[in-house]
Amino acid sequence: MAQPKYMTDIGKLTRIPEQEREKLKAITEKFVFRVNDYYLNLIDWDDPADPIRKLVIPNEGELAEYGRWDASDEDTNYVVPGCQHKYRTTALLIVSEVCGAYCRYCFRKRLFRNDVKEAMSDVEPGLAYIAKHPEINNVLLTGGDSLILATPKLRSILQRLREMEHVKIIRLGSKLPVFNPMRIYEDGELLETIREFSDAERRIYVMAHINHPREITPEARRGFEALHDAGAIVVNQTPVLKGINDDPAVLGELLDRLSWAGVTPYYFFINRPVAGNRDFVLTLEEAYRIVEEAKARTSGLGKRIRLSMSHTSGKIEILAIEDGKAYLKYHQSRDDEYGKFMVLDCPKDASWFDDLPGSEKLWTKPRKKTAGIVSVNELPDMPQRRKRATPEPRAKAREQAD
């Protein structure tokens with residue numbers, strides 16, 4: 001099938017002036033670059049503030065001192081290599097360190113460092129762990145992008161999970177529905193695989209990452225329809241990002257267009273304080289106001305969305321921010337404190353749970369479950385050598401053949 005051409009050398013992106021490209025090369029030495037020609041064609045190159053451009057083209061603010069590589073301490077969630085178990089009924093398999101393109105705000109950009117190995121091509125230890133833990137009823141395949149895997153590899157993982165009676169839901173974390181929708185609707189084997197393993201009792205969900213309504217092209221809608229016809233349920237999640245979707249009209253349009261396409265609005269997230277993300281940061285109060293105004297513009301279907309922070313201690317839902325107070329509750333909790341209600345002072349400049357005075361008293365910092373994972377927060381800030389942003393030649397050939 002015809003697939004987009006991928007680019008990993010920003011020096012070859014001639015739509016950007018040469019002088020600017022030279023400046024951006026230094027950024028890609030720290031935070032790798034990857035994009036494809038399909039997605040590049042969505043950019044309005046005459047607009048330097050174009051939101052699609054900001055999503056994938058490096059910005060000089062990425063080198064500003066800010067945040068941590070692993071802002072949610074995911075290293076403490078690993079139970080075996082490649083498998084995280086943070087919440088009682090949910091396990092994550094980190095199956096890929098490659099995406100269709102690399103979002104500049106990505107909270108797992110650490111996976112693309114040459115000196116980090118969290119994604120596993122051999123998922124057997126994770127599958128064995130899940131098989132032994134009947135409390136796990138849903139499994140998320142993520143990374144990286146789960147749909148970047150060659151279809152036979154993906155099928156083998158799905159088949160193993162479906163042999164476990166206690167695993168009812170399988171989730172596929174992916175931005176390919178908008179980065180490369182052709183990979184979905186032109187791959188009959190992929191769609192047949194989903195159809196085989198998604199039924200009325202045990203469903204496959206595709207957890208899409210759509211940040212802006214302009215990503216919902218005719219090709220993307222065709223991909224959604226193919227997934228729906230194959231029996232998958234598609235939902236969407238996105239952080240609220242400064243300069244990209246921090247406009248109630250834009251977010252409201254996104255909620256509408258998702259609902260019209262049959263894609264369930266699932267989460268709006270507060271952007272995690274990850275290294276390189278400073279230019280995307282909004283305060284909690286700004287994000288809350290934007291989301292509430294966006295929800296006022298859409299139907300009840302769009303209003304199902306929740307605004308949350310994926311904190312080390314759990315998913316913290318922002319219920320309201322009024323008169324200098326933040327009203328919060330645990331939507332998910334690492335320590336089984338689901339539903340815990342919290343009222344904290346909210347300074348005007350607070351942009352994360354840890355910025356709220358007194359928040360440190362409400363949770364306990366976790367310990368690692370296995371010593372086999374080295375926290376990227378303990379590594380040098382600069383990767384020791386440049387990460388090759390493309391898959392191994394054989395893996396790349398498989399990807400393009402899908």
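Keep in mind that this is a model prediction, so the values were computed, not measured. Along the sequence shown, the residues carry numbers beginning at 1.
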Test your reading of the model: is there a side-chain donor-acceptor pair from [X] to the backbone of [Y], 3.5 Å cut-off?
X: E74; Y: D70; value: no
X: D187; Y: E189; value: yes
X: E20; Y: P17; value: no
X: N137; Y: T90; value: no
X: K117; Y: A119; value: yes
X: K153; Y: S121; value: yes
X: D37; Y: L40; value: no
X: K340; Y: L362; value: yes
X: E293; Y: I290; value: no
X: D75; Y: I373; value: no

>> Before you tell me yes or no, could you show the steps for E292 and K295 under salt bridge (Lys or Arg N to Asp or Glu O under 4.0 Å), namely the whole-Å CA-CA distance, both residues' side-chain angles and the distance that decides it to 0.1 Å?
In response: CA-CA 5 Å; E292 288 303 305; K295 287 164 63 178; 3.3 Å; yes
>> Walk me through whether N271 and V240 qualify under side-chain contact (heavy atoms from CB on, under 4.5 Å).
In response: CA-CA 6 Å; N271 186 30; V240 185; over 6 Å; no
Grab the two heavy atoms, one from [X] and one from [Y], that are nearest each other, plus how far apart they are.
X: L344; Y: P357; result: CD2-O, 3.5 Å
X: I244; Y: P51; result: O-CB, 3.6 Å
X: G302; Y: P265; result: CA-CG, 4.1 Å
X: L24; Y: P58; result: CD2-O, 3.5 Å
X: A150; Y: R183; result: C-NH2, 4.3 Å
X: R214; Y: D44; result: NH2-N, 3.8 Å

When rounded to the nearest 0.5 angstrom, what distance separates [atom1] in [X] from [atom2] in [Y]?
X: T142; Y: L172; atom1: OG1; atom2: CG; answer: 9.5 Å
X: I169; Y: L161; atom1: CD1; atom2: CG; answer: 13.0 Å
X: K132; Y: I130; atom1: NZ; atom2: CD1; answer: 12.5 Å
X: L147; Y: N180; atom1: CG; atom2: CG; answer: 10.0 Å
X: Q237; Y: S308; atom1: CD; atom2: OG; answer: 10.5 Å
X: T283; Y: D355; atom1: OG1; atom2: CG; answer: 10.0 Å

Without hydrogens or angle criteria, can the side chains of [X] and [Y] be said to hold a donor-acceptor pair below 3.5 Å?
X: Y330; Y: S313; result: yes
X: N211; Y: Y105; result: yes
X: D354; Y: S359; result: no

Return the orientation label for the [X] and [Y] ring planes: parallel under 30°, perpendicular over 60°, tilted otherwise.
X: W352; Y: H311; value: tilted
X: H228; Y: F224; value: tilted
X: Y338; Y: H331; value: tilted

> What residues form a side-chain contact (heavy atoms from CB on, under 4.5 Å) with D349, not counting sequence neighbours?
Replying inline: P347
>> Going by side-chain contact (heavy atoms from CB on, under 4.5 Å), name the residues that satisfy it together with I321, two or more places apart in sequence or in a different chain.
In response: L284, E285, Y288, I318, A326, C346
>> Between Y102 and F112, is the ring pair (Phe, Tyr, Trp, His ring centres under 6.0 Å) condition met? List the steps.
In response: CA-CA 9 Å; Y102 293 143; F112 314 133; 4.1 Å; yes
> For R222 and E225, what are the C-alpha separation, side-chain angles and deciding distance, and is it a salt bridge (Lys or Arg N to Asp or Glu O under 4.0 Å)?
Replying inline: CA-CA 5 Å; R222 184 175 172 186; E225 191 67 14; over 6 Å; no
> Would you find more than 12 non-hydrogen atoms of other residues, nucleotides or ligands less than 6.0 Å from Y185 atom OH?
Replying inline: yes
>> Looking at E65, I want to see if its CD is surrounded by more than 12 non-hydrogen atoms of other residues, nucleotides or ligands under 6.0 Å.
In response: no
>> With salt bridge (Lys or Arg N to Asp or Glu O under 4.0 Å) as the criterion, how do R297 and D256 come out once you've worked through the C-alpha distance, each side chain's angles and the decisive distance to 0.1 Å?
In response: CA-CA 9 Å; R297 295 168 176 260; D256 276 343; over 6 Å; no
> Could you walk me through whether D115 and R113 pass the salt bridge (Lys or Arg N to Asp or Glu O under 4.0 Å) check?
Replying inline: CA-CA 5 Å; D115 50 0; R113 289 178 53 143; 2.8 Å; yes
Salt bridge present between [X] and [Y] (N-O < 4.0 angstrom):
X: D381; Y: K30; value: yes
X: K365; Y: D73; value: no
X: D345; Y: K325; value: yes

> So which pairs with a foot in residues 155-167 pass side chain to side chain donor-acceptor pair (under 3.5 Å), sequence neighbours left out?
Replying inline: E124-R160, R155-Q159, R155-E196, E165-K168
Is NZ or CZ of [X] both nearer than 6.0 Å to the six-membered ring centre of [Y] and within 45° of the ring axis?
X: R104; Y: F31; value: no
X: K175; Y: F179; value: yes
X: R306; Y: Y267; value: no
X: R53; Y: W45; value: no

>> R367 vs T76, test: side-chain hydrogen bond (donor to acceptor under 3.5 Å, both in side chains). Steps then yes/no.
In response: CA-CA 6 Å; R367 295 181 178 180; T76 64; over 6 Å; no
>> Please evaluate residues S333 and Y87 with respect to the criterion side-chain hydrogen bond (donor to acceptor under 3.5 Å, both in side chains), reporting the C-alpha separation (whole Å), side-chain torsions for both, the decisive distance (0.1 Å), and the verdict.
In response: CA-CA 7 Å; S333 170; Y87 306 125; over 6 Å; no
>> Determine whether M207 and V235 satisfy the following criterion, side-chain contact (heavy atoms from CB on, under 4.5 Å), listing intermediate values before the conclusion.
In response: CA-CA 5 Å; M207 319 301 288; V235 306; 3.4 Å; yes
>> For E118 and Y78: C-alpha separation, side-chain torsions, deciding distance, then whether side-chain hydrogen bond (donor to acceptor under 3.5 Å, both in side chains) applies.
In response: CA-CA 9 Å; E118 294 182 34; Y78 282 97; 2.5 Å; yes
> Is any side-chain heavy atom of R108 closer than 4.5 Å to a side-chain heavy atom of I94?
Replying inline: yes
>> Would N77 and K368 count as a side-chain hydrogen bond (donor to acceptor under 3.5 Å, both in side chains) here? Give the steps.
In response: CA-CA 7 Å; N77 300 329; K368 286 185 181 181; over 6 Å; no
